[in-house]
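Small disclaimer: the values here were computed from a predicted structure and weren't measured.
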Amino acid sequence: METNNETQMHEFILLGLSGDQDTQISLFILFLLMYLVTVLGNFLIIVLIRLDSRLHTPMYFFLTNLSFVDVSYATSIVPQLLAHFLATHKVIPFLGCAAQLFFSLGLGGTEFLLLAVMAYDRYVAVCNPLRYSVIMHSGLCTRLAIASWVSGSINSLVHTAITFQLPMCTNKYIDHIACETLAVVRLACVDTSSNKIAIMVSSIVLLMTPFFLVLLSYIQIISTILKIQSTEGRWKAFHTCASHLTMVVLCYGMAIFTYIQPHSSPSVLQEKLMSLFYAILTPMLNPMIYSLRNKEVKGAWQKLLGKFSGFASKLATQ
């Protein structure tokens, strides 16, 4: 039933990345391999932290949360993207689109907040090492993690509700790889200025505010490191932050470059690349960065592999 060019949508069609069949097959293989690496890598990080008592610290507690967020975020987008590479009609139901927007937006916001919480953890470790265990006790860590998840979920719920209550036009084609906020808002038949203002406010609250907290933490960290007399001491202090700092540069850097541009808004291509970056590349790199740049994680891997080799040798000799 249509009235004034408005219609009740039951499904949308995602235009995706390319209409060429050969290109879609190639992208399917590439993204499938990257998704499998993402799931396996983050799952192994979570299992490793659970099994090795030396990693039962606040830093790795937050890393467990981050790995779970990464796997969940990738899973909210990539399987549907892979299915559409092989489908003739790239249809997604109305409720499926709303669910995808809710989970991807909520998990994305949670990741930014967790990175800010992890920056505070590194600040306490470097600037107040003698009081670290007192300040970063298990109760505080749990509350900070819960606050990150709840804040991301509430923000996502609000945006999903105000986005999908908009009256949609008869055009049901979403020029995106997934149900992303701006892409869905563009289908509305009414003025969406208030929605865009809400998106801007949300970006400030869940992107720029955590970013400035991270920046403040690292200003304090760098100031403290420069006061350390020995080169070895400086390197050791910096090394405790290297992995987290790498993830901060990747996550916040890409978001700020894409969305915080004066007198312009992100193009459709930028929005697609942004979604791909956070759904595939960042979750895949996270376990690699923490495994390759962190001595404690590498030591835990060696210990676990040593136990596995010993167990395999016993089985072989029996």
Side-chain angles (χ1 to χ4, degrees), residues 12-19 23-24 26-39 42 66 69-87 90-93 96-115 152-153 155-156 159-160 163-164 172-187 195-196 198-200 202-203 206-207 211 247 249-261 264-286:
F12 298 99
I13 296 177
L14 294 167
L15 297 183
L17 289 172
S18 172
T23 302
Q24 291 189 78
S26 300
L27 290 175
F28 171 83
I29 295 171
L30 174 63
F31 291 159
L32 175 61
L33 291 175
M34 294 176 72
Y35 177 65
L36 293 176
V37 171
T38 295
V39 173
N42 283 283
L66 187 65
V69 167
D70 282 338
V71 169
S72 301
Y73 188 91
T75 302
S76 72
I77 293 177
V78 179
Q80 165 259 308
L81 176 64
L82 294 173
H84 281 188
F85 279 137
L86 303 179
K90 308 179 192 308
V91 175
I92 182 169
C97 188
Q100 184 180 68
L101 177 61
F102 171 76
F103 285 111
S104 61
L105 195 61
L107 292 164
T110 300
E111 178 157 15
F112 286 126
L113 292 169
L114 281 174
L115 287 171
S153 300
N155 173 73
S156 178
H159 275 288
T160 302
T163 298
F164 282 91
K172 60 181 179 180
Y173 291 90
I174 299 177
D175 191 6
H176 209 281
I177 64 168
C179 289
E180 195 267 350
T181 311
L182 290 174
V184 177
V185 166
R186 280 193 288 267
L187 301 183
N195 292 76
K196 292 177 180 178
I199 292 171
M200 184 183 299
S202 174
S203 298
L206 284 182
L207 175 58
F211 173 72
M247 289 302 301
V249 171
L250 283 173
C251 292
Y252 284 104
M254 184 66 173
I256 292 172
F257 174 78
T258 303
Y259 284 109
I260 313 299
Q261 301 181 57
S264 66
S265 58
S267 66
V268 172
L269 178 59
Q270 282 180 313
E271 290 176 23
K272 292 181 181 182
L273 293 177
M274 181 79 165
S275 293
L276 285 174
F277 181 84
Y278 283 110
I280 297 179
L281 191 59
T282 301
M284 184 181 71
L285 292 177
N286 178 34

Taking only residues two or more places apart in sequence or in another chain, which ones pass ring pair (Phe, Tyr, Trp, His ring centres under 6.0 Å) with Phe211?
Tyr252
Atom pair [atom1]/[atom2] of [X] and [Y] - distance to nearest 0.5 Å:
X     : Y      : atom1 : atom2 : value
Phe85 : Thr23  : CZ    : OG1   : 9.5 Å
Tyr73 : Thr282 : OH    : OG1   : 9.0 Å
Cys97 : Glu180 : SG    : CD    : 10.5 Å
Leu66 : Met247 : CG    : CE    : 5.5 Å
Ile29 : Leu82  : CD1   : CG    : 11.0 Å

Any donor and acceptor pair, going by atom type alone, linking the side chain of [X] with main-chain N or O of [Y] inside 3.5 Å?
X      : Y      : answer
Ser153 : Gly106 : no
Asn42  : Thr38  : yes
Lys90  : Ile13  : no
His176 : Leu14  : no
Ser104 : Ser76  : no

Quick check: do [X] and [Y] have side-chain heavy atoms less than 4.5 Å from each other?
X      : Y      : answer
Leu187 : Phe12  : yes
Thr181 : Leu101 : yes
Leu276 : Phe31  : yes
Ser156 : Phe103 : no
Val71  : Pro283 : no

Where do Ile174 and Leu15 land on the side chain to side chain contact (heavy atoms under 4.5 Å, CB included) test, with the steps shown first?
CA-CA 6 Å; Ile174 299 177; Leu15 297 183; over 6 Å; no
If you count heavy atoms of other groups shown closer than 6.0 angstrom to CZ of Phe164, is the number above 12?
yes
Using the side-chain hydrogen bond (donor to acceptor under 3.5 Å, both in side chains) criterion, which residues pair with Gln100? Sequence neighbours excluded.
Gln80
Could you go through the side chain to side chain contact (heavy atoms under 4.5 Å, CB included) check for Ser275 and Ile280 one step at a time?
CA-CA 8 Å; Ser275 293; Ile280 297 179; over 6 Å; no
Regarding Lys272 and Asp175, does a basic nitrogen lie under 4.0 Å from an acidic carboxylate oxygen?
yes
I'd like to know whether Leu281 forms a side chain to side chain contact (heavy atoms under 4.5 Å, CB included) with Met34, so could you lay out the CA-CA distance, the side-chain angles of the two residues, the decisive distance to 0.1 Å, and finally the verdict.
CA-CA 8 Å; Leu281 191 59; Met34 294 176 72; 4.3 Å; yes
